[in-house]
Amino acid sequence: MTKLQNIIYISGSGRSGSTLLERIIHSSYGVSALGEFHCLWRLHENDITCSCATPFITDGFWQPVLKNAGIDPAALAQLRDLEDRVCRTSFIASHRFDIKALRKNPDVQRFLDIQFRIYEAVADASGSTVLVDSSKAGPRAWLMACHPMVRTIHLYRDPADVILSWRSAKFDPGMGQEMKRMTVAAAATDWWKVEYLVKRLGRNTPVARMDYSELCANPEHTIGKALAKLSLSSDPVPAWIDPTSVKSKDNYHSLNGNPDRFDKGPIRISKREADWSKVSAAERLKIASVAKILRVILPSNPTS
Ligand SMILES: [Zn+2]
């Protein structure tokens, strides 16, 4: 039986590069990445396609894991219900942005207990002692940080790139449809929210900050530095082929995330440049202005 030692939680706004980061860390021996794990109860089971290209309901990895963890539809409904109550900025604020206060809340404890039953079963099924959960959400980062096994990496991506990405069409083969698009205001608010929440979280507990641009410019150094900061029981070592590519590892069962999770073969790391030609001149101006303000309020500030 493989004993779970740590969960690496990747926080960040949508479109911040978390799928790339988790795929790189997954290539390490003894590590399994799970994608946006919270989709397990947030999405309908028919809407989940595992990154091994199997529909979730017949997936040869997840179905036995849930069975072994004793997770039935009622337990998933309970997670959904608890999430509705505790995984909210207002809930974190009502606990004065204090991890110690959150930790004492019985609903937070129940919410984490059920999830850790699943994580333990994943560790056992995969033989991995370190799991990566890249759900990204800010309130979730707070709840996860209540558990002593959890370590947080925050992935920062420039707000203009993020907002522009939300405005561009992208097809998701896992969902069989185009990925959701947000208005500029909604994308900016979403970005601000997670940055604000994680900045405050960093005053309570260590958070390894990583800038997407740095990750792409100098992957090995940036990831090595962030992982070293996490004080994990054992440090993951990604399977580098050369400074900008990593050998992908099998047994990747990500529940949701960027469509790149379906790619096989080596993981090539290069910065996806924002394509400004996809939006109108007026929208370009709007995005640039909003991003300028956001950068001043919440700068990248990697702790390097
Ligand atoms: Zn699978």
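We're numbering straight along the sequence, starting at 1. All values below were derived from every heavy atom in this structure, side-chain atoms included, with hydrogens, water molecules and symmetry-related copies excluded. Fair warning: this is a prediction, and the values are worked out from it, not measured in the lab.
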### Message
Going by salt bridge (charged side-chain N to carboxylate O under 4.0 Å, His left out), name the residues that satisfy it together with Glu36, two or more places apart in sequence or in a different chain.
### Response
Lys136
#### Entry: Between Glu22 and Tyr252, a side-chain donor and acceptor under 3.5 Å
yes
### Task
With Val132 as reference, evaluate Val31, Ile24, Ile153, Leu21 under the side-chain contact (heavy atoms from CB on, under 4.5 Å) test and give the passing residue.
Val31
#### Entry: Polar side chain donor-acceptor pair, Thr2 to Asp124, under 3.5 angstrom
no
#### Entry: Arg295: salt bridge (charged side-chain N to carboxylate O under 4.0 Å, His left out) partners, not counting sequence neighbours
Asp158
## Note on the structure
Taken in chain and number order and not counting sequence neighbours, the residues that satisfy side-chain contact (heavy atoms from CB on, under 4.5 Å) with Cys87 are Glu83, Pro139, Arg140, Leu143
### Query
Is there a side-chain contact between Pro159 and Val290, using heavy atoms and a 4.5 Å cut-off?
no
### Query
Should the pair Arg117-Asp113 be classified as a salt bridge under the 4.0 Å nitrogen-to-oxygen rule?
no
### Message
Donor-acceptor pair, distance only, cut-off 3.5 Å: does the side chain of Arg181 make one with the backbone of Arg167?
### Response
yes
### Query
Using a distance-only test with no angle check, is there a side-chain donor-acceptor pair under 3.5 angstrom linking Ser134 and Ser18?
no
### Query
So do the side chains of Phe37 and Gln115 get within less than 4.5 Å of each other, counting heavy atoms only?
yes
### Message
Which residues pass the ring-ring contact (aromatic ring centres under 6.0 Å, His included) test with Tyr9, not counting sequence neighbours?
### Response
none
### Task
Can you sort out the partners of Asp235 under salt bridge (charged side-chain N to carboxylate O under 4.0 Å, His left out), two or more places apart, ordered by chain and number?
none
### Task
Nearest 0.5 Å please: distance from the CG atom of Leu82 over to the CD1 atom of Ile114.
5.5 Å
#### Entry: Any donor-acceptor N or O pair under 3.5 Å, side chains Ser51, Arg261
no
### Task
Starting at CG of Leu294, measure out to CD1 of Ile163 and round the result to the nearest 0.5 Å.
5.5 Å
#### Entry: Exercise: do Asp260 and Thr19 side chains pair donor with acceptor under 3.5 Å
no
### Listed partners of Arg200 passing salt bridge (charged side-chain N to carboxylate O under 4.0 Å, His left out), at least two apart
none
### Query
Is the Phe61 ring parallel, tilted or perpendicular to the His253 ring (thresholds 30°, 60°)?
parallel
### Query
Are Trp142 and Phe97 close enough that their ring centers fall under 6.0 Å?
yes
### Task
Please state whether the rings of Tyr196 and Trp192 are parallel, tilted or perpendicular, taking 30° and 60° as the class boundaries.
parallel
### Task
For atom NZ of Lys264, decide whether the heavy atoms of other residues, nucleotides or ligands shown that lie under 6.0 angstrom number more than 12.
yes
### Any side-chain donor near an acceptor of the partner, Asp133 and Tyr119, under 3.5 Å
yes
